[in-house]
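For reference, the structure discussed in these notes is given below.
Numbers restart at 1 for each chain; the letters A, B, ... are given by sequence-line order, proteins then strands.
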Amino acid sequence: MRVDPCFFCGRPAWPSKGITFMRNDGKSFRFCRSKCHKNFKMKRNPRKLKWTKAYRKNAGKEMVVDSTLQFAARRNVPVRYDRELFAKTVKAMERISEIRQRRERIFYKRRMAGKRAREVAAARKLVAENEHLLPRLRGSEKRRLAELAQETGQDVEELEREELAKKAASKKTKAFGGEVKRLRVRTDGGVEEISERVAGGGLVDEEDDDENDFEDVDDDDEMDTD
Amino acid sequence: MTWKDIAPVPTAQEFIDIILSRTQRRLPTQIRAGFKISRIRAFYTRKVKFTQETCSEKFGAIVSSFPILADQHPFHRDLMNILYDADHFKVALGQVSTAKHLIETISRDYVRLLKYSQSLYQCKQLKRAALGRMATLIKRLKDPLAYLDQVRQHLARLPDINPTTRTLLVAGFPNVGKSSFVRSVTRADTPVEPYAFTTKSLFVGHLDYKYLRYQVIDTPGILDHPLEEMNTIEMQSVTALAHLRAAVMFFIDISEQCGYSLKAQCNLFRSIKPLFENKMVYVVLNKMDIKTVEDLDPESQADLMDLTKSGNIQLLRASCATQDGVQEVKNTVCEALLVERVNQKYKAGTSSNGTMGSRLTEVMSRIHVAQPADGVLRETFIPEAVKGLKKYDKADPERKLLARDIEEQNGGAGVFNVDLRENWILANPEWKYDKIPEIVDGKNVYDFIDPDIEAKLAALEEEEERLEQEGFYKSDSDLGDESEEEILQKAEYIREKHKLIRNEAKMKKSLKNRAIIPRKMQKKSFAQLEDHIDQLGVDTEEINLRGRAQVREPTRGRSLARSRNATEDPDAMEVDTPKSAAERLRSQSRPAQRGQGATNRRDDGVTGGVGMDGETARSKAERVAKLGQRKMNRMARAGEADRHIGATMPKHLFSGKRTVGKTQRR
């Protein structure tokens, strides 16, 4: 029994799942699901489909060159069972995968380096161009505050600033979204829990890549690769 | 060398029939007087030529199917000469050949004549003449053809004698037991009868000795008289003796039961001795069960011994009746013949100075028998354990236990499971029944199995340590400063705003089956205006917006009630107006508020003309409408206001044959 990588997408194809195609020259093609099988039958090139491992590797989105990747291989040399060797191997596998995860994390970090700077630059430009859309106080509110200031003797400007800040903060989550708890993996291996407010539904910003980067498969298809 | 597949030769009459019918069949007369003469000529020319071609072909086949005497082995040539008379044979074939040439000449002549024929009749007559002459020629071949057919039949029955192979030739006086001998050593079924000249032609049998095939030829008996007086039967024997390179076995019946004296037999031997030149000759004394050599009188004995004196002639004894010595005779002769032939071949292949020819060398190298080097004797080796092995016996309680026995002891087939791991060869036999991990964390363990995994892992750890020291893993979390955070937040706000604006625009744009109303005509309520100005940060009370609005003139153009986006002035007072008859009617059938939509189809667009207010205009319009409807009502026609249910199955969508495609598309 073995877990073969899917010929098309590279996902592990577990026993009893998917389908195997045996070509009449003896080559076998293992597919993890009907989607991959169908795409194969349509003669699609996995390197050109964004959802396959082949694409991601080809596009430099995944770690390809690393010493940890050289441990697993079909050697085609039969080795007699040896309890100690197997025990050692299983232990080694754990350690290798640990190191590999760490390196993949770093790989990702490096790949994402400079993303925030670009984001901030884009945000600056957007704000500069759309100053008029920023929250501001209504005329009636201004009047109300002025009256309040007269009554209490506070500074009008300060009251206005406070009100504005309140408005800006409350605006986003007024209608949708809520608090979300996420696990963030740090490069040193630690895990921290963060909670943040996000807007839900159609208002979610698609480019919040930095936030969900602890997942294995990340949907980062932005400008840094092309 | 068989002549079994010579095609039968038809008689002259048959021949004519074959040829003429074939001509008729292949070229039926499809010609009429009205045809062009060139066409008629061409047809008859074809007919004549075709007949000639058929004749030539047939005659050619006959001539070529018979053997050419000059090309045959001398034995066969002589045999045929004796049996069929070579001259006669040659003449017959010659006649056939000549006839073929003559027919060709006739054809040529008549084809030439046909070229000048003027009519259909003339052509026909010429053709008849040509075919007639050909038939006459064939008729004259009656005798040769009959003779050739007889020859063919006889040739097919001739024994298949190969003059070059290993051959034993049995000769002697009639009735001395030649055929009995052949019968007892071979599978041939030679006739044996107790009278002279039972065998009237050559017979061939075959025997195997040392895995080699020998040919035994049984000859008819020979009488002791000059060659010129010998008949055809005897001449066959003589031909065989003269031409076949064989071991000759001369049979002598010393019991004289054959009817000829021993002396006569010896004399025959002497007289045909010239034929035994360069041959191995054995004198076989047959019928030893009746009389042995020792029983003979000394004179006869001396006569016999005298035969064997000259050359390498051996005396053998046998009795075909009791089979005594028959096999010995056979073995002796065959062995000697084999040795003799090998020697001859060896001699023929070796040149005078002793070097072997290429062919002989090739053969000799092929029959080389390899022996172990240095003369070491290699004996078969049987291990001691095998030597002492007891023979397997099912009844023996201490027999070796087979897998089948084990299966039987453990519940039999279907219950017993074969222990496949039992004979595993592992470093430690205790591991045999370990549960071997195959998949760990979604990875194949076997892919990682590597005898030097430890070293490789150590190398990896080392690398890891180095990277750690180099600061490969150092995390520089770039938490942005305050201002960046603020900018991002603002940008976020703006994006959201953009989306809302876009959404609103989209909603506004979708017509939902309403007419496009120009922006200019769209009414916005005062409250909206007020809200918008307020939003922009201007206090509406301060600028007294509402006060200004109230002093404004009533607007021209369309009434506010027609405003599209339900933007009727919310501040407008509801005024009770006297309802018309139609309005009252409707208010009874429908709830008052619901029916009052944005549009009023009854009143909209009805404006009074010059000197006419809205009400009069309305009543006028109603009168006109009724007038227009009058005719329709009188004829009881269905008008536009009548209740109408559209066809649920419109014909154009459901009729006709279906082919590919959708049901709605016809």
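More than 12 heavy atoms of other shown residues, nucleotides or ligands fall within 6.0 angstrom of atom NZ in B/Lys432. Remark: B/Gln535 CD is packed, more than 12 non-hydrogen atoms of other residues, nucleotides or ligands lying under 6.0 Å away. Taking a 6.0 Å sphere around CD of B/Glu465, one finds it holds 12 or fewer heavy atoms contributed by other residues, nucleotides or ligands.
For residues 66-102 of chain A, the pairs satisfying ring pair (Phe, Tyr, Trp, His ring centres under 6.0 Å) are A/Tyr81-A/Phe86, with sequence neighbours left out.
Atoms NE2 and CG, on B/His498 and A/Asn130 in that order, are 3.5 Å from each other to the nearest 0.5 Å. The distance from the CE atom of A/Met1 to the CD atom of B/Glu438 is 5.5 Å, given to the nearest 0.5 Å. Atom CZ of A/Arg11 sits about 10.5 Å away from atom NZ of A/Lys17, to the nearest 0.5 Å. Atom CE of A/Met112 and atom CZ of A/Arg116 lie 14.5 Å apart (nearest 0.5 Å). How far NZ of B/Lys456 is from CD1 of A/Ile96: 10.0 Å, rounded to the nearest 0.5 Å. Atoms CD and NZ, from B/Glu485 and B/Lys490 in turn, are 13.0 Å apart once rounded to the nearest 0.5 Å.
Heavy atoms closer than 4.5 Å to chain B are found in both the backbone and the side chain of A/Arg2. Of the two parts of B/Asn503, neither the backbone nor the side chain holds a non-hydrogen atom closer than 4.5 Å to a non-hydrogen atom of chain A. Only the side chain of A/Val90 comes within contact range of chain B, with at least one heavy atom under 4.5 Å from a heavy atom of that chain. Within the 4.5 angstrom heavy-atom criterion, only side-chain atoms of A/Arg75, from C-beta onward, approach chain B. Heavy atoms of B/Glu454 lying under 4.5 Å from chain A belong exclusively to its side chain. Proximity to chain B is limited to the backbone of A/Leu137, based on heavy atoms less than 4.5 angstrom apart.
At a threshold of 4.0 Å, the pair A/Lys115-A/Glu119 counts as salt-bridged, since one of the basic side-chain nitrogens sits closer than that to a carboxylate oxygen. With salt bridges taken as basic N to acidic carboxylate O contacts below 4.0 Å, one links A/Arg95 and A/Glu98. A salt bridge links B/Glu464 with A/Arg102: at least one charged nitrogen is closer than 4.0 Å to a carboxylate oxygen.
Residues of residues 439-452 of chain B placed with any heavy atom under 4.5 Å of a heavy atom in chain A are listed by number as B/Ile439, B/Val440, B/Gly442, B/Lys443, B/Asn444, B/Val445, B/Tyr446, B/Asp447, B/Phe448, B/Ile449, B/Asp450, B/Pro451. The interface of residues 3-10 of chain A with chain B, defined by heavy-atom distances below 4.5 Å, comprises A/Val3. Close approach to chain A, defined as a heavy atom under 4.5 Å from one of its heavy atoms, is seen in B/Ile425 of residues 410-425 of chain B, taken by number.
Put simply, of A/Asp82, A/Leu85, A/Thr68, A/Val77, the one with the most heavy-atom pairs under 4.5 Å next to chain B is A/Asp82. With chain A as partner, the option from B/Thr540, B/Val538, B/Leu488 having the largest number of non-hydrogen pairs under 4.5 angstrom is B/Leu488. Residue with the most contacts toward chain A among B/Ile453, B/Leu460, B/Leu426: B/Leu460 (heavy-atom pairs, distance under 4.5 Å).
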Before you tell me yes or no, could you show the steps for B/Asp405 and B/Arg399 under salt bridge (Lys or Arg N to Asp or Glu O under 4.0 Å), namely the whole-Å CA-CA distance, both residues' side-chain angles and the distance that decides it to 0.1 Å? CA-CA 10 Å; B/Asp405 299 325; B/Arg399 68 185 190 276; 3.5 Å; yes
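Residue A/Glu62 is tested with A/Lys57, A/Arg100, A/Lys53, A/Arg103 for a salt bridge (Lys or Arg N to Asp or Glu O under 4.0 Å); the sole match is A/Lys53.
At a threshold of 4.5 Å between non-hydrogen side-chain atoms, the residues A/Glu131 and B/Ile494 do not count as touching.
One N or O on the side chain of B/Gln528 and one on the backbone of B/Ser525 form a donor-acceptor pair closer than 3.5 Å.
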